[in-house]
There are 2 protein chains.
Amino acid sequence: MASENLDETDRALIALLQQDAGQAYAALGKAVGLSAGATHDRVRKLRERGVLRRTTVEVDPAALGLGVLAFVMVDSSAWMGDSAEAFAAIPEIEEAHVIAGSASVLVKVRTATTERLQDVLRRLYAVDGVSGTQATVVLETFFERPPSPGV
Amino acid sequence: MASENLDETDRALIALLQQDAGQAYAALGKAVGLSAGATHDRVRKLRERGVLRRTTVEVDPAALGLGVLAFVMVDSSAWMGDSAEAFAAIPEIEEAHVIAGSASVLVKVRTATTERLQDVLRRLYAVDGVSGTQATVVLETFFERPPSPGV
DNA sequence: ACTGAAATCAGATCGGC
DNA sequence: GCCGATCTGATTTCAGT
């Protein structure tokens, strides 16, 4: 793993880029007291070190017609540690995590309707080793945000 | 809510921007068979309609020193519908959702260590109406990705 | 490691199709 | 709604400190 040590300037730049990755290096630099060139250098190094991955856009799920969000506990009768691809093959699944506890995988699912959610559950049962699911439907999302560099 | 109807070109542009929001409009347009100007127009309209929100950077949580991920079911003895700010005030919380089921709020928490996770649980108990928590620690994250425009 | 300027390239606007 | 060109402004590089 790469050597660490993000100083306060790096963390400030990361926070600013999380808020708006499209702003000019001159503006970024002004906010942290650096020139555009120096800011460019630091951001480039953060990318090279893998601290910053891709720059992307946040999409409104509702605008894509995805109004239903649910978390599904997936119980298994076998070792699920190498089933990442099977879950990734279901596009409605946004996240999949192996967890400690009774269930073995926790997945986050977004669909247009509850009928489509049911269809995802059906496809989950088709994954090797899956013995059961417990879906929890989200009624309201308070917020979803990126990891805070300040913690 | 805004009138919808994303055509196939819009969905393709969204997918391309999710992969790399930093690429030139000329390159984007080439991929979908449009000129740079027309591509610029469509993306601008997607922003105006709120389909695309901010452009941001993906950060490696481990690089920020956040090696522990957990999901916490928060039980409550009162209506939690207006407690969004109380959860948002805890920076380690990345997501907070009101859910159907026994617990009332599900939160996603990222911390440096399990000791810091315990500290977050302590702060959760301090939130008005919170009567209990059940933390589930993630052993391995298969993947985390944005909503797919293709669904 | 940062500065300041120079050169290149992409973003943004506009008239016309 | 898309094209092509133009102008503006940012990105990127580099010699100097």
Side-chain angles (χ1 to χ4, degrees), chain A residues 1-65 146 148-151, chain B residues 1-60 62-65 146-151:
Chain A
M1 178 126 294
S3 65
E4 288 314 329
N5 280 5
L6 302 170
D7 63 19
E8 283 312 305
T9 303
D10 287 328
R11 298 189 113 93
L13 286 174
I14 292 169
L16 289 165
L17 286 170
Q18 282 179 330
Q19 287 170 339
D20 178 9
Q23 64 190 297
Y25 287 117
L28 275 174
K30 192 175 175 184
V32 300
L34 249 54
S35 73
T39 306
H40 184 264
D41 260 18
R42 289 184 89 118
V43 173
R44 183 180 49 76
K45 282 171 190 165
L46 287 172
R47 287 190 197 282
E48 283 171 359
R49 287 166 61 185
V51 176
L52 299 180
R53 322 238 240 200
R54 59 185 176 181
T55 90
T56 180
V57 286
E58 278 186 14
V59 180
D60 177 15
L64 294 177
S148 165
V151 181
Chain B
M1 181 126 292
S3 67
E4 285 318 326
N5 280 5
L6 302 171
D7 63 17
E8 283 312 306
T9 304
D10 287 328
R11 298 189 112 92
L13 286 174
I14 292 168
L16 289 165
L17 286 170
Q18 282 179 330
Q19 288 170 337
D20 179 10
Q23 66 191 297
Y25 286 117
L28 275 175
K30 192 175 175 185
V32 298
L34 249 55
S35 75
T39 306
H40 185 265
D41 262 17
R42 290 184 89 118
V43 173
R44 182 179 50 76
K45 282 170 190 166
L46 287 171
R47 287 189 197 283
E48 282 170 0
R49 288 167 59 186
V51 177
L52 299 179
R53 319 235 245 198
R54 58 182 177 182
T55 89
T56 181
V57 286
E58 279 186 13
V59 180
D60 177 15
L64 294 177
S148 164
V151 180

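Quick note on labels: first sequence line is chain A, next is B, and so on, each numbered from 1.
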Would you kindly give the [atom1]-to-[atom2] distance between [X] and [N], to the nearest whole Å?
X	N	atom1	atom2	result
A/Gln23	C/dG11	CD	P	16 Å
B/Asp41	C/dA10	CG	P	19 Å
B/Leu17	C/dG11	CG	C1'	14 Å
A/Asp20	D/dA10	CG	C1'	14 Å
B/Leu28	D/dC2	CG	P	14 Å
B/Glu48	C/dT13	CD	C1'	14 Å
B/Tyr25	D/dG4	OH	P	19 Å
A/Arg47	D/dT12	CZ	C1'	13 Å

Taking only the side-chain heavy atoms of [X] (C-beta and beyond), determine which of [options] contains the nearest atom.
X	options	result
B/Ser35	C/dC2, D/dC3, C/dG11	D/dC3
A/Ala24	C/dT3, D/dG1, D/dA10	D/dA10
A/Ala38	C/dT3, C/dA10, D/dT11	C/dT3

Could you tell me whether the phosphate oxygens of C/dG11, OP1 or OP2, come under 4.0 Å of any side-chain nitrogen or oxygen in B/His40?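 B/His40 to C/dG11 OP1/OP2: no side-chain N or O under 4.0 Å.
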Ignoring backbone atoms, establish whether A/Arg42 has a side-chain N or O less than 4.0 Å from OP1 or OP2 of C/dC2.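 So the side chain of A/Arg42 is within the cut-off, an N or O lying under 4.0 Å from OP1 or OP2 of C/dC2.
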So, taking the atom named CG in A/Asp60 and the one named CZ in B/Arg49, what distance separates them when rounded to the nearest 0.5 Å?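 Between A/Asp60 CG and B/Arg49 CZ, I get 11.0 Å after rounding to 0.5 Å.
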Once rounded to the nearest 0.5 Å, what's the spacing between atom CZ of B/Arg54 and atom CG of A/Asp20?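 Rounded to the nearest 0.5 Å, the CZ-CG separation comes to 9.0 Å.
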Electrostatic pair B/Asp7:B/Arg42 at N-O distance under 4.0 angstrom: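 A salt bridge links B/Asp7 with B/Arg42.
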Quick one: closest heavy-atom pair of A/Leu6 and B/Ala63, and the distance?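 Looking at all heavy atoms of both residues, the closest pair is CD1-O, 3.6 Å.
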